[in-house]
Amino acid sequence: MTSTQFSRISAIALGLSILGACLPTTFASSAVTNAIKPLPQDGKMHIYLCGTGVPVVYMQYIRKPSCLAVIADDQFLLFDAGEGAIQTISEMGLPYTRIYNVFMTHWHSDHFAGLGQVSNVSWTDGRNKPMNVYGPYGVKHVIDSLAAAYQLDTLFRSINSADTLDPTLSTPVPHLIDAIAKDQRVYKNHDITITAFEVDHAPVYPALGYQIQYKGCHVTLSGDTKVIPKELNEAQNADVFVSEALNVKQTMVLANEQKAAGNLTKYQIYQEIPNYHSDTIKLAQLAQQANVKHLVLTHLDPPYIPGQKAENAFIEGMAAYYKGPIIAAKDRDEIVLTPQADGSCQFEYRG
Ligand SMILES: [Zn+2]
Ligand SMILES: [Zn+2]
């Protein structure tokens, strides 16, 4: 950037800040502030479903794409950041300026399209430590690209708030996870341990799931995958298995509707979806075999308008194979896991 360009940008930034200072005070007095809660300090693990939907854009007013937040042990960990992640997290009152570690499952846009905003907004609103992003191959490319896309924004905002915003914190630090040959422990901090494992979401390669261990509580996250035997080990005796879920029967109805309408491109897309997502029936069978204690469904496909009838239709047939509780998650639901003295883990669902 030339010095002329820099002074022009500085002049614009100065003008904007003067304009801001000149706004009538009535604007400020009617402003809505968001109540952000502190990190809970109760010795429990809190799991917040901040995005339980899929890429179908016209249904995202009901469910935003992938986002799951874990708060425990004075740490705020985020798993995937689909579009709208930061809005949902902030609407839930979660202290997003404390997100220092993000774990990505794979590089489909419904899992990372909100990552830039998570990083940017947490930075402008006060995050004062680097944000680490752990992910499979591609993580450096995506983070470098985000840094390039946000370069001017970083510059403009740093000029506006030279005393408070450190431009070096505006974009994340990438960390490559290599979990192809064997599971990889990617994070250990006090009582939280996170292990990544490879799943099968071909043609997406690699794609990851995660295990989270916390004081005897075991949570497994499937990421996006078809049901594979490997999940038997990964979810074995899990207190909670949060898995993506695809109702194949409903998907085939949609496929045939598209075929009847002559839309063969859409027909083909619907036909292929079961090849790389988790069939609800196979998932129920696996959860039973793995002795999963609670099965929580996310990434619900096809999306539906909430209601008991629609939910029953989505999980139809699963109870014949899995005898534990099946919960179709909604955005803003919360799971609370309380470690017990005997090493077990108490489960509570707040829908
Ligand atoms: Zn995917
Ligand atoms: Zn997805």
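In each ligand, atom 1 is the first atom listed, and ligand 1 is the first ligand listed. Sequence positions, counted from 1, serve as the residue numbers for this chain. Just so you know, these numbers use all the heavy atoms, side chains as well, and skip hydrogens, waters and symmetry mates.
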Seminar exercise, completed: Atom name of the N, O or S atom of H106 nearest to the Zn ion (ligand 1) is NE2
Problem set entry | D110 OD2 and H111 NE2 subtending at the Zn ion (ligand 2) (10° steps) | 90°
For this session: Look at the side chain of H294 and the backbone N and O of D239, then say whether any donor-acceptor pair between them is shorter than 3.5 Å.
Result: yes
Exercise. Short check: any N/O/S atom of E244 below 2.8 Å from the Zn ion (ligand 2)?
Worked result: no
Exercise. What N/O/S atom of H201 is the closest to the Zn ion (ligand 1)?
Worked result: NE2
Exercise. Short check: any N/O/S atom of H277 below 2.8 Å from the Zn ion (ligand 1)?
Worked result: no
Exercise. What do the steps show when you test D125 against T97 for side-chain hydrogen bond (donor to acceptor under 3.5 Å, both in side chains), and what is the final call?
Worked result: CA-CA 7 Å; D125 287 6; T97 61; over 6 Å; no
Problem set entry | Closest D224 atom to the Zn ion (ligand 2) [N, O or S only] | OD2
Exercise. How is the N/O/S atom of H108 that comes nearest to the Zn ion (ligand 1) named?
Worked result: ND1
Exercise. In Å and rounded to the nearest 0.5 Å, what is the OG to CD distance from S278 to E231?
Worked result: 5.5 Å
Problem set entry | Lys/Arg cation over aromatic Y304: R63, 6.0 Å, 45° cone | yes
Problem set entry | A85 backbone acceptor or donor facing Q117 side chain under 3.5 Å | no
Problem set entry | Residues K249 and E316 bridged, charged N to O under 4.0 Å | yes
